[in-house]
2 protein chains.
Amino acid sequence: MGEAAAIRGEATRRRLLEAAVPLIGEAGWHAVTTRMVAQRAGVAPGVVHYHFASVTDLLIAASAGFTRAMLDRFVRELAERPDLDAGLDWMLAEMARYDGADPASLLVAETYLAASRIPRLRDEFAELVADFRARLAGWLADHGAADPEAAATVLGAAVDGLILHRGLDPRLDLAALARPLRSMLRKE
Amino acid sequence: MGEAAAIRGEATRRRLLEAAVPLIGEAGWHAVTTRMVAQRAGVAPGVVHYHFASVTDLLIAASAGFTRAMLDRFVRELAERPDLDAGLDWMLAEMARYDGADPASLLVAETYLAASRIPRLRDEFAELVADFRARLAGWLADHGAADPEAAATVLGAAVDGLILHRGLDPRLDLAALARPLRSMLRKE
DNA sequence: TAGCGTTTTGGGCAAACGTCCAAGACGCTC
DNA sequence: GAGCGTCTTGGACGTTTGCCCAAAACGCTA
């Protein structure tokens, strides 16, 4: 049988996913079309519906995959910071790499919205975020933060919110936020 | 001249805006169509392009108008709270009224995203949010909060972020967040 | 009542959409 | 080289979109 063809097909599938990721951010979830994805992936338009049942299916797979990898990397790198202050500073520096209008930031925001209308995506995304929050709370607890569960919730929400706000005003000074965040985590 | 006609026309224009507001939240910015808005407003499809140059124009006017009124009310009611703790509790209670999947929450999120792609909307929305942040910082300063500028930024971002997160998990306990937020605002 | 300015109507138009499909291309086994 | 399974192609289909426009409706003035 055509084993090489199957491998090549898998590569095409992956290229479609990789092409879809920046497009969701650039054009918006609803504005991504089959032809758009196919063109950026360098394949014929019809190939999308060979590998995916629908455009929505492709977008769900692409956005969930990207977000999962992103959060994973975030938590993994955070774990390497020695204490709360270093972790906080790293988080703020990490966020400074995104201006809120880049494809990665926009993809996450688009996925939040799409999730509110696609149950399957909401379930998957909710699990991702809950897992992220739990791991963040664990790290906070391990490093002596006060009220780690609630603090992780506020911190996680603030990260998403700040990314949105930076889309409106990229000059927003993230480093200046270290002080109030530190107070929040300080015990007693 | 037809003065009554002009008044009636203005009423129709307002009805189109009012019809567009929930639709942006329900269907999503890109999914709102002329015929959809016209039907909900109870008018013929063509009337949209009589009162607005384009669908995008209508959506910009509708979303900006709604957001402005919402933030205004928020700041006005917050000003009535006597101290930081009462203000914080009120904010959390206010947010609990939205489950993150209601049209109002979704409209705000949709507007953030649309703003990233429509310069005119971004400018208008950025001004709204900056003004809100400044007024929130003013209230915090008046009531003795530490680092009011930075705290207002974190607080404002956390509100938006929490609304997004509640769309994924409506059971998220907002009242439990009062403690870390209080710590953040505490002086010293 | 006739004329005028404004608003409203409902259908028409080209363009773009998601999806499908018959035909071809490719690599593999006999 | 023939046959087979998988992947790829490019165009066709019906639907829906934003926008436009001639005609009708309306309230007003003269």
Side-chain angles (χ1 to χ4, degrees), chain A residues 1-63 110 113-114 117-118 120-121, chain B residues 1-63 110 113-114 117-118 120-121:
Chain A
M1 18 170 174
E3 193 169 332
I7 292 174
R8 197 158 40 91
E10 193 55 40
T12 302
R13 195 188 133 95
R14 192 168 42 247
R15 286 209 305 169
L16 285 172
L17 288 170
E18 284 166 6
V21 165
L23 280 177
I24 294 174
E26 289 169 23
W29 187 280
H30 278 96
V32 177
T33 68
T34 48
R35 291 159 179 84
M36 210 183 268
V37 178
Q39 191 189 6
R40 186 164 298 205
V43 295
V47 84
V48 171
H49 284 86
Y50 177 80
H51 287 286
F52 297 92
S54 68
V55 176
T56 303
D57 264 33
L58 164 61
L59 296 183
I60 289 176
S63 62
E110 290 282 352
L113 279 170
R117 300 182 186 102
I118 306 171
R120 186 156 46 101
L121 178 57
Chain B
M1 15 160 178
E3 193 169 331
I7 292 174
R8 197 159 39 93
E10 192 55 40
T12 303
R13 195 188 132 96
R14 192 168 44 246
R15 286 209 305 165
L16 285 172
L17 288 171
E18 285 167 5
V21 165
L23 281 177
I24 294 174
E26 289 169 22
W29 186 281
H30 278 96
V32 177
T33 68
T34 47
R35 290 158 179 85
M36 210 182 271
V37 178
Q39 191 189 7
R40 186 165 297 205
V43 295
V47 84
V48 171
H49 284 88
Y50 177 80
H51 287 285
F52 298 93
S54 67
V55 176
T56 302
D57 264 32
L58 164 61
L59 296 183
I60 289 176
S63 62
E110 290 282 351
L113 279 170
R117 301 183 185 103
I118 306 171
R120 185 155 47 100
L121 179 58

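As a basis for the values below, the full set of heavy atoms in this structure was taken, side chains included, without hydrogen atoms, waters or symmetry mates. Reminder, nothing fancy here: chain letters follow the sequence lines and each chain counts from 1.
If you measure from atom CG of A/L16 to atom C1' of D/dT9, you get 14 Å, rounded to the nearest angstrom. Residue B/D57 contributes atom CG, which lies 13 Å from atom C1' of D/dC19 at whole-angstrom precision. Following rounding to the nearest Å, A/F52 (CZ) and C/dC20 (C1') show an atom-to-atom distance of 18 Å. Between the NE2 atom of A/H30 and the P atom of D/dT16 there is a distance of 15 Å, rounded to whole Å. Atom P of nucleotide C/dT19 and atom CE of A/M36 are separated by 15 Å, given to the nearest angstrom. Here C/dG18 presents its P atom at 14 Å from CD of A/Q39, a figure rounded to the nearest Å.
Remark: A/V21 engages A/A62, A/F66, A/L107 in a side chain to side chain contact (heavy atoms under 4.5 Å, CB included) (not counting sequence neighbours). Qualifying side chain to side chain contact (heavy atoms under 4.5 Å, CB included) partners for B/R35, counting only residues two or more places apart in sequence or in other chains: B/T33, B/P45. For A/A44, there are no side chain to side chain contact (heavy atoms under 4.5 Å, CB included) partners at least two apart in sequence or on another chain. With sequence neighbours excluded, the residues forming a side chain to side chain contact (heavy atoms under 4.5 Å, CB included) with B/V55 are B/T34, B/H49, B/L59, listed by chain and number.
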Distances under 3.5 Å between protein N/O atoms and the N/O atoms of nucleotides 10-16 of chain C, please, pair by pair.
residue	atom	partner	partner atom	Å
C/dG12	O6	B/R35	NH2	3.3

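Scanning both residues, A/F52 and A/R13, for their nearest heavy atoms gives CE2-NH1, 3.4 Å. Nearest heavy atom pair, residue A/A38 against residue A/V48, reads CB-CG2, 4.3 Å. When all heavy atoms of A/V32 and A/L23 are compared, the closest pair comes out as CG2-O, 3.7 Å.
For the pairing with B/R40, the side-chain contact (heavy atoms from CB on, under 4.5 Å) check across B/E18, B/R15, B/E26 returns one residue only, B/E26.
Of the candidates D/dT9, C/dG18, D/dG18, the closest approach to any side-chain atom of A/V55 belongs to C/dG18. Considering only side-chain atoms of A/Y50, the nucleotide from D/dC7, D/dC19, C/dT6 that sits closest is D/dC7.
Taking only side-chain nitrogens and oxygens, B/T34 never comes nearer than 4.0 Å to OP1 or OP2 of D/dC19. One finds a side-chain N or O of A/H51 lying less than 4.0 angstrom from the OP1 or OP2 phosphate oxygen of D/dT8. Residue B/H49 has no polar side-chain atom (N or O) positioned under 4.0 Å from OP1 or OP2 of D/dC20.
Axis deviation across the helix from C/dT1-D/dA30 to C/dC30-D/dG1 amounts to 10°, comparing end segments of five pairs, rounded to 10 degrees.
Counting non-hydrogen atoms under 4.0 angstrom, B/V37 reaches nothing in the nucleic acid. Contact annotation for A/V43: backbone-only contact, meaning every heavy-atom pair under 4.0 Å involves sugar-phosphate atoms and none involves a base.
B/L17 is not listed as a side-chain neighbour of B/H51, based on a closest heavy-atom distance of 4.5 Å or more.
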